[in-house]
Amino acid sequence: MEVFSTIVDVRHALREERRRGRSVAFVPTMGYLHEGHVALMREGRKRANILVVSIFVNPTQFGPSEDLDAYPRDLESDLAKCRGVGAHVVFPPTPAEMYQGTPRTTVTVEGLTQGLCGRSRPTHFQGVTTVVTKLFNIVQPDVAIFGEKDYQQLAVLRQMARDLNTPVEIIGAPTVREPDGLAMSSRNAYLSPDQRQQATVLIRSLRQVHALVAQGEQDVGVLDREVRGLLDQEPDARLDYLSFVHPDTLEPVDTVSAPTRVAMAVFLGPTRLIDNILVTPGAP
Ligand code: AMP
């Protein structure tokens, strides 16, 4: 495994691999890696000859009052995990390396970025789409793997790659969870033991919606009230949003009469967590 912190070195190493006919899989991350990231990396290993992992806490996707400075970092442990999975190249650039000079160009995906997380994080997705475009241009992967945990991000990046004819296949990988169902996230490290227990309210809510839909409930108003009832029982939990959307367009629906993504964001104290599931009427 090689670790390159400069764009020039990554390009040079990958040019050589490509010249030898090797395909490249790419997993972009913000580090503090956990089993969710590891699952993406394993998928990457299966889908191409060379696995590239980037580790970059991208400042432009954080809002002014968000947790950029507090975001957990542990490069040594991350590199050990990358090595364990058999990554070939790890790219942990500095912000100065990624944003040289005064950038005047951004990438924006319209529409899909306005609802869900876009409502409370209005500048977030432009930061994501711009940095992922830059990373794609640096790594030039054949496939890139993203987690369904960040479902809106996955939908936005699929749209972006389609719209810009980026020669990369975008793969979505299932959410990896703790034994009690909490979606793994680097931000779980912020939770107090008490908040950590309360945090299962996200998956409990989503599973409750799933069960009700399986029993025939289709009214989003009813499902919404059910979730709010569960959240009311957790003293530190505050709902940011609960949305029922079309899986591709992310347009809100008011009846679950077709496969629907149910997505939510919940604050536990200052920590904002997200999760989502697919529900299909009549399906067990
Ligand atoms: P992050 O480091 O949080 O920016 O995440 C990097 C990639 O890992 C993104 O594609 C995420 O969707 C994905 N990811 C994060 N948590 C999970 C999880 N629990 N299961 C699967 N993928 C995840």
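Source: prediction; values computed, not measured. Both counts, for ligands and for their atoms, begin at 1 and track the order of listing. Values below: every heavy atom of this structure, side chains too, minus hydrogens, waters and symmetry copies. Counting from 1, the numbers follow the sequence of the chain as shown.
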Is there at least one pair of N or O atoms, one from [X] and one from ligand 1, spaced under 3.5 Å apart?
{"X": "A183", "result": "no"}
{"X": "F146", "result": "no"}
{"X": "L40", "result": "no"}
{"X": "T175", "result": "no"}

Among all protein non-hydrogen atoms, which one is nearest to [atom], and what is the separation to 0.1 Å?
{"atom": "atom 10 (O) of ligand 1", "result": "G147 N, 2.9 Å"}
{"atom": "atom 20 (N) of ligand 1", "result": "V176 N, 2.8 Å"}
{"atom": "atom 12 (O) of ligand 1", "result": "D150 OD2, 2.6 Å"}

Counting heavy atoms only, which of H37, M30, H34 comes nearest to atom 16 (N) of ligand 1?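 Checking each option, the heavy atom nearest atom 16 (N) of ligand 1 is found in H34.
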
Relative to atom 21 (C) of ligand 1, which among A39, P174, S54 owns the nearest non-hydrogen atom?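 Comparing heavy atoms across A39, P174, S54, the nearest one to atom 21 (C) of ligand 1 lies in P174.
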
Rounded at 0.5 Å granularity, tell me how far [atom1] in [X] sits from [atom2] in [Y].
{"X": "L154", "Y": "F146", "atom1": "CG", "atom2": "CZ", "answer": "8.0 Å"}
{"X": "S23", "Y": "R47", "atom1": "OG", "atom2": "CZ", "answer": "11.5 Å"}
{"X": "R204", "Y": "Q233", "atom1": "CZ", "atom2": "CD", "answer": "7.5 Å"}

For T108 and Q126, does a side-chain donor sit closer than 3.5 Å to a side-chain acceptor? yes

Determine whether the side chains of N58 and T60 contain a donor N or O and an acceptor N or O closer than 3.5 Å. yes

With heavy atoms of M184 as the reference, note each atom of ligand 1 found under 4.0 Å away.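 Checking each atom against M184, I get 16 (N), 17 (C), 18 (C), 19 (N).
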
Counting from 1 in the order shown, the ligand 1 atoms closer than 4.0 Å to a non-hydrogen atom of T29 are 2 (O), 6 (C)

Any donor-acceptor N/O pair, S243 side chain to V245 backbone, under 3.5 Å: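 Checked: no pair found.
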
Do side-chain atoms of E66 reach the backbone of G63 as a donor and acceptor pair under 3.5 angstrom? yes

Contact with ligand 1 for E148, non-hydrogen, under 4.0 angstrom: no

Where does the angle between the aromatic ring planes of F56 and Y99 fall among parallel (under 30°), tilted (30 to 60°) and perpendicular (over 60°)? tilted

Below 4.0 angstrom, N of the basic side chain to O of the carboxylate: do R272 and D240 qualify? yes

At a non-hydrogen distance cut-off of under 4.0 Å, which region of P28 contacts ligand 1 (side chain, backbone, both, or neither)?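 Just the backbone.
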
